[in-house]
Peer 1: 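Please see the structure below; I have some questions.
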Amino acid sequence: MSSKENVAIGQLLSLLESRYAIRVLWALKDGHAQTFRLLQDSVGGITPNTLNTRVKEMREAGLMTHGPDGYILTTLGADLVKRLGDVQPFAVKWVGSQAKKVK
């Protein structure tokens, strides 16, 4: 991996490691616009202040925008969430393996 690629990965991971960042994007994965309140309910457990900060960061990063009906992913944001979709089947597999350890 080149130095330029390492910097790009570092910047993206820095953005996504913020508390609730991935959950905010994931809540918009179905492509339907959500109001602030609906987005807050979809994410669950996030304070309005934190959500406001994450929305601002995601908008500045070009991953989401505010349309006439509420917040939606941009094309770039939808591409990222699509790629993160591979995490879902892995998570199910991983949780299953963790449950086996407990028994």
Side-chain angles (χ1 to χ4, degrees):
M1 198 179 301
S2 73
S3 167
K4 204 176 202 178
E5 290 169 328
N6 280 335
V7 169
I9 279 286
Q11 289 174 342
L12 179 61
L13 291 178
S14 179
L15 175 69
L16 296 180
E17 72 188 7
S18 298
R19 189 168 189 196
Y20 294 105
I22 292 175
R23 290 176 64 181
V24 169
L25 294 173
W26 196 256
L28 296 170
K29 75 181 183 306
D30 65 2
H32 296 101
Q34 294 188 29
T35 63
F36 187 88
R37 180 71 177 135
L38 184 57
L39 186 56
Q40 184 180 8
D41 291 345
S42 296
V43 172
I46 190 170
T47 65
N49 211 21
T50 300
L51 179 57
N52 193 43
T53 300
R54 292 298 91 80
V55 164
K56 181 181 177 193
E57 291 168 350
M58 296 301 139
R59 288 180 75 182
E60 288 174 356
L63 299 175
M64 64 185 284
T65 190
H66 191 273
D69 297 324
Y71 293 100
I72 56 172
L73 294 173
T74 62
T75 302
L76 195 59
D79 185 33
L80 174 60
V81 170
K82 180 182 174 189
R83 292 167 191 272
L84 290 173
D86 290 341
V87 172
Q88 188 172 7
F90 176 83
V92 171
K93 181 178 166 182
W94 177 76
V95 167
S97 72
Q98 295 302 301
K100 289 177 186 174
K101 286 183 181 179
V102 174
K103 292 181 182 180

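Quick note: numbers below take in every heavy atom, side chains included, and nothing from hydrogens, waters or symmetry partners. Heads up: numbering here begins at 1 and tracks the sequence.
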Peer 1: How many angstroms lie between CG in D69 and CD in Q34, if you round to the nearest 0.5 Å?
Peer 2: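 If we round to the nearest 0.5 Å, D69:CG and Q34:CD are 11.5 Å apart.
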Peer 1: Counting neighbours of NE2 on H32 that are heavy atoms of other residues, nucleotides or ligands and sit closer than 6.0 Å, is the number greater than 12?
Peer 2: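 Incorrect, the count does not exceed 12.
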Peer 1: If Ile, Leu, Val, Met, Phe, Trp and Tyr residues are connected whenever their side-chain heavy atoms lie under 4.5 Å apart, and connections chain through other members, are Y71 and L76 in the same group?
Peer 2: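 Yes; L76 is reachable from Y71 via cluster members.
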Peer 1: Roughly how far, to the nearest 0.5 Å, is CZ of R19 from OG1 of T53?
Peer 2: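 It is 12.5 Å, given to the nearest 0.5 Å.
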Peer 1: Heavy atoms only: give me the nearest P89-D86 pair and the separation to one decimal.
Peer 2: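 Scanning both residues completely, I find the closest heavy atoms to be CD-O, 3.4 Å.
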Peer 1: Evaluate the side-chain proximity of L15 to L63: yes if any heavy-atom separation is below 4.5 Å, no if none is.
Peer 2: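 With C-beta onward as the side chain, the pair touches.
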Peer 1: Tell me, do M58 and L28 make a side-chain contact under 4.5 Å, heavy atoms counted?
Peer 2: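 When only atoms from C-beta onward are counted, L28 and M58 do not touch, as no gap falls below 4.5 Å.
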Peer 1: Hey, quick one: are L80 and L13 part of the same hydrophobic cluster, counting side-chain heavy atoms closer than 4.5 Å, chains of contacts allowed?
Peer 2: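 As far as the 4.5 Å side-chain criterion goes, L13 and L80 are not connected within one cluster.
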Peer 1: Are the side chains of T65 and I72 in touch, meaning some heavy atoms are under 4.5 Å apart?
Peer 2: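 Yes, at least one pair of side-chain atoms sits under 4.5 Å.
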Peer 1: Working to the nearest 0.5 angstrom, can you tell me the gap between H66 NE2 and L39 CG?
Peer 2: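 Output value for this atom pair is 10.0 Å.
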Peer 1: Are L84 and V55 linked, directly or through other ILVMFWY residues, by side chains that come within less than 4.5 angstrom of each other?
Peer 2: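 Yes, one cluster joins them.
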Peer 1: Working note: R54 + V43, criterion side-chain contact (heavy atoms from CB on, under 4.5 Å); need CA distance, chi angles, decisive distance, verdict.
Peer 2: CA-CA 11 Å; R54 292 298 91 80; V43 172; over 6 Å; no
Peer 1: Out of curiosity, does L38 fall in the hydrophobic cluster containing F36 (side-chain heavy atoms, cut-off under 4.5 Å, transitive links)?
Peer 2: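 No, separate clusters.
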Peer 1: Can you get from L12 to Y20 by hopping between Ile, Leu, Val, Met, Phe, Trp and Tyr side chains that sit under 4.5 Å apart?
Peer 2: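 They do share one cluster, since a chain of ILVMFWY contacts under 4.5 Å joins L12 to Y20.
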Peer 1: Would you find more than 12 non-hydrogen atoms of other residues, nucleotides or ligands less than 6.0 Å from N49 atom CG?
Peer 2: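 Open.
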Peer 1: Before you tell me yes or no, could you show the steps for R23 and I46 under side-chain contact (heavy atoms from CB on, under 4.5 Å), namely the whole-Å CA-CA distance, both residues' side-chain angles and the distance that decides it to 0.1 Å?
Peer 2: CA-CA 10 Å; R23 290 176 64 181; I46 190 170; over 6 Å; no
Peer 1: Keeping Q40 on the side-chain end and L51 on the backbone end, is there a donor-acceptor pair under 3.5 Å?
Peer 2: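 Here the side-chain-to-backbone pair does not exist.
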Peer 1: Got L16 and L25 here, is their nearest side-chain heavy-atom distance under 4.5 Å?
Peer 2: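 A side-chain contact under 4.5 Å exists here.
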